[in-house]
There are 2 protein chains.
Amino acid sequence: MTKHQKIAADLRDAITTGEYPAGSLLPAIPDLMSRYGVARDTVRDAIATLTNEGLVLPRRGVGTVVRETAPVQLGYSGSRAVARTWQDQAGAGQDEVISAEWEPADPEIAERLGVEPGSRVVHRVRHFAKGSGIAQITDQWLPEHVVTAVHENGAGDLADAAHRPDTGADLFRLLADAGHAPVEADETITTRMPDPLEREAMELPPGVPVLVTYRITTDGSGRPVETTTAVGAGDRMSARFRLPLKY
Amino acid sequence: MTKHQKIAADLRDAITTGEYPAGSLLPAIPDLMSRYGVARDTVRDAIATLTNEGLVLPRRGVGTVVRETAPVQLGYSGSRAVARTWQDQAGAGQDEVISAEWEPADPEIAERLGVEPGSRVVHRVRHFAKGSGIAQITDQWLPEHVVTAVHENGAGDLADAAHRPDTGADLFRLLADAGHAPVEADETITTRMPDPLEREAMELPPGVPVLVTYRITTDGSGRPVETTTAVGAGDRMSARFRLPLKY
DNA sequence: GAGTGGTCTAGACCACCAA
DNA sequence: TGGTGGTCTAGACCACTCT
């Protein structure tokens, strides 16, 4: 085990055993340098390891802060009305439509929606905010025939974010009223590290991954009525499901 | 923007634009040193950034390899028989029971199962393997009354991994036969970086987070029959759901 | 053996924060 | 103002891989 690995292991143990509780500071770099008899960058390597594990957050002028371990909300508090609920750690936030516009479907979106690549779709971008920051960025696409049906039903233009700010269940009701009631969603959830843009938008500290959700929603005939890609901050979002079991 | 940030940004762009496709090598460190006129550690800082983003994987004696971008499997290939399926990128793997033993319930498990802390529960550990490596580690706990019911039903001892290696749907059938049919699962999915033990067990490269699933399964009376915590490799696992919609 | 990345040093200067 | 972490250098040696 190298020196910086040894230092990282020592500090990690001290954090997990509670010697350095959440919110407290690790010893300063010069302190650790003399304690272990190593150079500055060796200590920094060790701290970088813990930073990338999401354990600590170095702050200039302050010190290396031990991060809160994100408690995962459990227990039976969810609603039975929907099979799936997004939640953060302490209740709901605000889902806001940032933009909505027509665009040609790229190959992936076209395949998800079962339309020809390049055909017209409405692309809606939403930000789910909790407190001061953005916790999830959602990209949603709807095929032209669904948007047209909603419009002809007198419900307005889904490509107009200002006049149709609907999200989630509200949007689904619009589709249902227009004869395209969503009856099933096919969701796939995975995770990865954020790219720099996502890191900036959601103010993600180092060592925090994102939850990525891909969804295709279909109506009674099995035809897709919308597809969604959502990227959520891993330290603030979790996905919760109530599933009827068959086996 | 600092020098190492600039270098990282340049390399990231080159990767995403396809100049360095997956599997290819980045320029060697001495090469980048002379190209940018910087010291070795400055280049290493830049490469460390990309490593922690999951983009590259430095290999001694070889070079800095551009990683495959994990393609997410989409489309309608899942079974309707169960509402949720775990899958890796190319089919199913092997779920093996590593251990099964009685232990006193710690406070969290006791709360999930609705039993007294310290009461006897069976703790089963499973490894889900795909190819050569472990893709998911599952910890499962069952309350004493359920284990007893299965045993009295003549189905053997769930604390005996060798004789009761059942997982997933097979295990659920045992519970159902013993009068504790699971009818609903409450799942919460989140993500975080792995700890060193998880990283070693699942052979996780740097920059790969884990998917964490918490589940409580209940029978027809709403009483928990098992609870599970699963940790899956973010680059090999995704969770897929088919959800009936209500709104 | 040649080339790759990994570790480590000793020192310097900068950016930031709180008292 | 003093202490914190962030960046960067020039050089050295080590561990590993491939030929």
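Basis for what follows: all heavy atoms, side chains included, without hydrogens, waters or symmetry-related copies.
- Inter-residue side-chain proximity for A:Y20 and A:P27 is flagged as met; some heavy-atom pair is nearer than 4.5 Å.
- Judged as a side-chain hydrogen bond (donor to acceptor under 3.5 Å, both in side chains), and not counting sequence neighbours, A:T64 has no contacts.
- With sequence neighbours left out, A:T2 forms a side chain to side chain contact (heavy atoms under 4.5 Å, CB included) with A:H4, A:Q5.
- Residues passing the side-chain hydrogen bond (donor to acceptor under 3.5 Å, both in side chains) test with B:D13, sequence neighbours excluded: none.
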If you restrict it to nitrogen or oxygen atoms, what contacts under 3.5 Å exist between nucleotides 16-19 of chain C and the protein, and what is each distance?
none

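- No hydrogens or angles considered: nothing links the side chains of A:T228 and A:R112 as a donor-acceptor pair under 3.5 Å.
- Running 5' to 3' along DNA chain D, contacts with non-hydrogen atoms of chain A at under 4.0 Å begin and end at D:dG3 to D:dT9.
- Shown here are the ring pair (Phe, Tyr, Trp, His ring centres under 6.0 Å) partners of B:H123, two or more places apart in sequence or in another chain: B:W141.
- Within residues 28-51 of chain A, the residues having any heavy atom under 4.0 Å from DNA chain D are, by residue number, A:A28, A:I29, A:P30, A:R40, A:D41, A:R44.
- Screening residues 45-59 of chain B for salt bridge (charged side-chain N to carboxylate O under 4.0 Å, His left out) gives B:R12-B:E53 as the qualifying pairs, with residues at least two apart or on separate chains.
- Scanning for side-chain hydrogen bond (donor to acceptor under 3.5 Å, both in side chains) contacts around A:Q140 gives A:R126, A:E226, with sequence neighbours left out.
- Of the residues in residues 15-23 of chain B, none lies under 4.0 Å from DNA chain D by heavy-atom distance.
- Of the charged side-chain nitrogens involved, none lies within less than 4.0 Å of a carboxylate oxygen, so that A:D195 and A:R199 do not count as a salt-bridged pair.
- Under the side-chain hydrogen bond (donor to acceptor under 3.5 Å, both in side chains) criterion, B:D41 pairs with no residue, sequence neighbours left out.
- Evaluation of the salt bridge (charged side-chain N to carboxylate O under 4.0 Å, His left out) test over residues 23-38 of chain B, restricted to residues two or more places apart or in two chains, returns B:D31-B:R35.
- Between B:D186 and A:R240 there is a salt bridge, with a side-chain nitrogen of the basic residue lying less than 4.0 Å from a carboxylate oxygen of the acidic one.
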